[in-house]
Amino acid sequence: MSDALDDPLAREKDLAARAAVRRVRTGMRLALGTGSTAAYAVRAIAERFPGGEGIDAVASSRMTEELARSLGLGVRPLAADDRFDLMLDGADEVTPRLELTKGGGGALFREKFLARLSREVAIMVDHTKLVPELGHRSAIPIEVVPFARPVVARQLTGQGYGVVLRGADTASGVARTDNHNEILDLRPPRPVHDAAALEASLRAIPGVVETGIFVGLAHRILVGLPDGSVQEVLPPGEPRAR
Ligand code: 5RP
């Protein structure tokens, strides 16, 4: 891909995606994430498995579904008893404890839903996504029911959060997720020392459907580095072989 060659960060994403796709085996049930890095993974899967032969996949967004189909990879709807061998996805932030911020592409609900159904979740990022704590690099998105959104936004503003309604300042207007909900991008009032507690407190607000905080869901991080190598990060204390 020409942009992978021209843009250093795109190259790192592509490297990480290719390393993750090396984990894909014929016959696997795959959950496909959303975003530019997930798109590199979809392209790499299409290269390795022409026509999608031997691949059974569900996508976390219409965008990923359309890309996969355009490359000849069959993608099917979620089934009642679905479990996935491997989920491949990107992230906006990754801490050393493998906590994630996700949802830059607006697919956080479906991504988290599929991650919970996946035996292994491999996250692919460029090196700029590594942070000591969540909230360092990106806003934390929450998916909110549109009816409730003004109340939720006011409540969070009152608690000291910076709150931005995604898309409100753009020509195309307020963004809607694939679930027809809206997204509030939050800047927490203080550093996020306890991601699980923040996740729980945000989820407890009526009208909040899901948050972009992922705790205990990622099994491995593949980080594309400027020198062309890929670093694998596992949960603290976990042996390398898996
Ligand atoms: C989409 C996501 C993406 O994985 C995240 O925003 C990273 O995107 P990119 O790979 O384009 O940097 O969570 O909802």
Side-chain angles (χ1 to χ4, degrees), residues 1 3-4 6-21 30-45 57-68 75 84 86-95 98-116 118 121-131 134-144 164 166-167 175-187 195 199 202 208-215 217-226 230 233:
M1 296 217 14
D3 61 340
D6 296 346
D7 171 5
L9 292 186
R11 182 161 178 270
E12 291 178 24
K13 291 178 181 195
D14 186 42
L15 282 168
R18 287 179 184 280
V21 168
L30 295 182
L32 304 175
T34 296
S36 58
T37 319
Y40 284 118
V42 171
R43 293 186 192 101
I45 294 168
V58 170
S60 58
S61 64
R62 285 211 298 266
M63 190 183 291
T64 297
E65 192 174 324
E66 281 164 18
L67 174 66
V75 170
F84 300 96
L86 179 62
M87 179 164 191
L88 301 176
D89 203 354
D92 301 300
E93 296 184 317
V94 179
T95 74
L98 273 59
E99 303 148 337
L100 315 174
T101 306
K102 287 186 47 55
L108 55 131
F109 175 85
R110 295 189 187 193
E111 289 170 336
K112 198 184 276 188
F113 200 86
L114 294 181
R116 289 194 181 108
S118 299
V121 176
I123 298 294
M124 312 157 293
V125 291
D126 66 72
H127 81 281
T128 67
K129 305 287 184 76
L130 302 179
V131 295
L134 299 186
H136 263 250
R137 178 183 188 277
S138 36
I140 295 174
I142 56 173
E143 181 162 340
V144 181
V164 173
R166 191 174 293 182
R176 290 287 181 125
T177 69
D178 284 352
N179 313 308
H180 310 291
N181 290 318
E182 293 172 349
I183 292 185
L184 293 175
D185 286 308
L186 307 181
R187 291 281 176 190
E199 148 79 350
L202 293 171
V208 174
V209 176
E210 192 50 274
T211 85
I213 300 174
F214 286 47
V215 177
L217 289 172
H219 297 98
R220 112 182 28 247
I221 313 292
L222 295 154
V223 189
L225 298 174
V230 175
V233 184

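Remember, it's 1-based here, ligands and their atoms both numbered in the order they're listed.
- A139 pairs by the side chain to side chain contact (heavy atoms under 4.5 Å, CB included) definition with D185, R187, not counting sequence neighbours.
- Residues of the protein with a heavy atom under 4.0 Å from ligand 1 are K13, T34, G35, S36, T37, D89, G90, A91, D92, K102, G103, G104, G105, G106, A107, E111, K129, listed by chain and number.
- In this structure, S118 has no side-chain hydrogen bond (donor to acceptor under 3.5 Å, both in side chains) partners at least two apart in sequence or on a different chain.
- The side-chain hydrogen bond (donor to acceptor under 3.5 Å, both in side chains) search around E65 returns R69, not counting sequence neighbours.
- Taking the centre and axis of the six-membered ring of F214, the NZ or CZ atom of K102 falls inside the cone set by 45° and 6.0 Å.
- Looking only at atom types and distance, the side chain of H136 has no donor-acceptor partner in the side chain of E93 under 3.5 Å away.
- One finds the CZ atom of R176 at 10.5 Å from the CD atom of E143 (value rounded to the nearest 0.5 Å).
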